[in-house]
K.L.:
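Below is one structure. I have some questions about it.
So you know, we letter chains A, B, ... as the sequences are listed, proteins then strands, and number each from 1.
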Amino acid sequence: VKPNSNRIDPPGSFKISDNFRSYSGLRRKKNPILRSLGEKESKQQSKKMSSIGTGYDLSVTTFSPDGRVFQIEYAAKAVDNSGTVVGIKCKDGIVMGVEKLIASKMMLPGSNRRIHSVHRHAGMAVAGLAADGRQIVARAKSEARSYESVYGDAVPVKELSERVASYVHLCTLYWWLRPFGCGVILGGYDKDGPQLYMIEPSGISYRYFGAAIGKGKQAAKTEIEKLKLSEMTCKEGVIEVAKIIYKLHDEAKDKAFELEMSWICEESKREHQKVPDDLLEEAKTAAKTALEEMDAD
Amino acid sequence: MMDLNLDAPHSMGTTIIGVTYNGGVVLGADSRTSTGMYVANRASDKTTQLTDNVYVCRSGSAADSQVVSDYVRYFLHQHTIQLGQPATVKVSANLIRMLAYNNKNMLQTGLIVGGWDKYEGGKIYGIPLGGTVVEQPFAIGGSGSSYLYGFFDQAWKENMTKEEAEQLVVKAVSLAIARDGASGGVVRTVIINSEGVTRNFYPGDKLQLWHEELEPQNSLLDILNAAGPEPMAI
């Protein structure tokens with residue numbers, strides 16, 4: 001069987017014969033040096049910025065020779081294409097905000113919610129494929145309910161994040177399931193105080209002071225790092241999150257967006273709620289003013 | 001002679017008590033396990049460990065209460081591993097309640113769960129026959145508890161010290177043993193607080209004698225040869 005290096009793959013094309021050959025090729029033991037050479041060549045020839053794992057990216061149950069599972073990485077890219085989601089842990093609670101890109105002017109404001117309550121004391125903000133996100137939220141709700149019915153107490157946020165992460169990871173183990181194309185920021189307030197977790201499509205879940213996913217995540221993370229979170233109350237946090245989202249929204253690429261925010265703090269009686277309308281308006285005004293000041297410079 | 005019925009299932013007539021104090025809980029129980037009229041075990045331990053910081057007092061059917069405790073110990077062990085920290089008393093009580101309620105037709109056991117956790121401090125939960133779970137400042141159970149309701153109404157007060165609480169428990173179990181035929185033997189107590197668990201043992205013959213109770217005798221001959229009771233003076 002010829003190694004792939006002799007063929008030039010036009011980017012984006014998908015020939016059945018290609019895949020058939022490379023799939024069957026995987027089953028036979030190949031010279032690993034030739035194989036890696038083949039991959040490098042196709043990377044250079046490809047016009048895409050990201051690497052193509054030709055042949056090793058067809059199934060989530062396949063590792064590439066350099067130890068990556070490409071399907072999971074592609075799933076993460078789906079998340080990167082969505083509107084930014086930001087979450088921060090302030091000293092008295094959690095604030096989450098979503099840059100909801102409006103697909104059509106005919107959509108009702110307030111519809112297509114991206115932030116959902118998972119239980120009284122926890123909420124989830126979703127980025128990526130919306131339908132996949134709905135599944136994860138449903139699973140989280142069910143896990144929280146079942147924990148409470150067995151153990152008689154509200155589910156600790158750490159436990160909930162582990163269960164959700166385990167479920168997301170499950171879908172990366174079987175060839176007949178595809179990975180979730182969405183990342184989730186889970187914020188909750190339990191006996192151990194406010195906690196923020198982020199769950200990625202790979203099933204990794206870490207605890208954060210501040211987290212961001214989606215288009216503007218890099219810029220958002222830089223902005224979050226500038227904040228002094230341990231001294232900030234949630235009321236101030238709401239304004240800061242709004243400023244961050246307004247700042248990193250790219251007017252050129254995406255037209256309009258709607259800001260959706262939620263919080264869990266002492267003021268909301270440790271329950272996950274939408275940020276009250278008056279505070280939200282205040283935040284939006286502050287964010288717009290901050291933007292204008294920046295532009296004026 | 002009365003039929004001893006040695007084939008009857010082991011039942012713990014029992015007196016069990018759980019009391020909160022300022023900083024933790026004290027659990028106490030007698031030690032008699034009976035098979036009909038025969039005392040199968042006169043030194044049983046009715047206070048069973050569920051986790052490092054939660055214990056349960058068992059009453060009713062000996063087998064049922066043992067099996068329920070074993071299951072809950074197993075569940076709590078797994079729960080502790082998942083959580084990464086000790087289980088709370090509330091969760092322990094709820095797991096016992098799940099088993100007691102869902103199997104109410106088959107089980108006959110009343111339990112008192114007591115322990116200490118860092119969130120709520122010392123807590124006592126009573127789980128009587130049907131599978132109710134009730135959080136209480138103190139709880140009593142078993143056949144001997146009938147004789148203690150009035151006593152506790154008068155004697156229990158909030159924010160006792162550890163020593164006061166333990167003395168209360170020992171006194172109460174001892175009173176119940178004096179009146180209830182299905183309770184007897186020794187008094188075992190378990191004190192649980194932030195520092196850990198302390199188990200104490202009070203032998204039956206060292207307990208205070210109550211109204212009309214006789215001194216324990218080493219030999220029947222002593223009783224036979226003793227002087228009779230004084231005639232009543234008018």
Side-chain angles (χ1 to χ4, degrees), chain A residues 89 91-94 118-122 139-170 173 186-199 203-209 264-266 269-271, chain B residues 50-54 56 68-104 111-128 130-136 139 194:
Chain A
K89 169 179 153 2
K91 75 175 174 197
D92 64 337
I94 306 278
V118 158
H119 205 54
R120 262 166 285 129
H121 65 303
R139 179 74 184 206
K141 286 180 181 170
S142 149
E143 292 281 5
R145 251 199 318 268
S146 99
Y147 182 99
E148 183 150 343
S149 81
V150 169
Y151 296 102
D153 213 3
V155 61
V157 191
K158 172 169 180 270
E159 177 74 18
L160 181 61
S161 80
E162 275 172 16
R163 291 189 180 197
V164 172
S166 165
Y167 179 62
V168 171
H169 177 243
L170 185 79
L173 294 173
L186 168 67
Y189 203 136
D190 65 17
K191 285 195 289 243
D192 295 309
Q195 291 157 65
L196 187 71
Y197 290 87
M198 180 161 86
I199 301 144
I204 294 177
S205 156
Y206 288 130
R207 189 172 164 189
Y208 291 92
F209 293 111
I264 316 166
C265 59
E266 301 296 336
K269 299 194 194 116
R270 301 195 184 179
E271 294 190 2
Chain B
L50 292 181
T51 73
D52 286 341
N53 53 320
V54 180
V56 64
V68 167
S69 313
D70 287 348
Y71 266 121
V72 173
R73 193 181 307 121
Y74 166 66
F75 294 143
L76 280 174
H77 185 220
Q78 294 190 315
H79 181 63
T80 306
I81 292 173
Q82 258 189 311
L83 232 51
Q85 60 186 34
T88 58
V89 193
K90 192 177 187 187
V91 163
S92 316
N94 260 286
L95 286 175
I96 295 223
R97 187 257 303 190
M98 292 254 86
L99 284 173
Y101 178 76
N102 290 327
N103 298 295
K104 61 160 78 189
L111 301 153
I112 296 180
V113 177
W116 184 93
D117 61 55
K118 69 180 187 206
Y119 299 110
E120 299 280 330
K123 285 283 175 193
I124 295 281
Y125 291 85
I127 302 152
T132 336
V133 65
V134 181
E135 200 256 300
Q136 301 169 290
S194 58

K.L.:
Check ring-ring contact (aromatic ring centres under 6.0 Å, His included) between B:Y125 and all other residues, then give those that pass, not counting sequence neighbours.
P.N.:
none

K.L.:
Output the distance between atom CD (B:Q85) and atom NZ (A:K191), rounded to the nearest 0.5 Å.
P.N.:
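So the CD of B:Q85 and the NZ of A:K191 are separated by 8.0 Å.
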
K.L.:
A:E159 and B:Q82: which non-hydrogen atoms are nearest, and at how many Å?
P.N.:
OE2-NE2, 3.3 Å

K.L.:
Would you indicate whether A:R120, at its atom CZ, is surrounded by more than 12 heavy atoms from other residues, nucleotides or ligands within a distance under 6.0 Å?
P.N.:
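Incorrect, the count does not exceed 12.
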
K.L.:
Quick one: list whatever passes ring-ring contact (aromatic ring centres under 6.0 Å, His included) with A:H119, sequence neighbours left out.
P.N.:
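Checked A:H119 against ring-ring contact (aromatic ring centres under 6.0 Å, His included); matches are A:H121.
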
K.L.:
Considering residues at least two apart in sequence or located in another chain, which fulfil the salt bridge (Lys or Arg N to Asp or Glu O under 4.0 Å) criterion with A:R145?
P.N.:
none

K.L.:
Relative to chain A, which segment of B:S92 carries a heavy atom at a distance below 4.5 Å: side chain, backbone, both, or neither?
P.N.:
neither

K.L.:
Taking non-hydrogen atoms and a cut-off under 4.5 angstrom, which of residues 93-103 of chain B neighbour chain A?
P.N.:
B:N94, B:L95, B:M98

K.L.:
Would you call the rings of B:H79 and A:Y147 parallel, tilted or perpendicular, where under 30° means parallel and over 60° means perpendicular?
P.N.:
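B:H79 vs A:Y147 ring planes: tilted.
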
K.L.:
Tell me, yes or no, whether the heavy-atom count around B:Y119 atom OH, taken from other residues, nucleotides or ligands under 6.0 Å, exceeds 12.
P.N.:
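Counting other residues, nucleotides and ligands, OH of B:Y119 exceeds 12 neighbours.
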
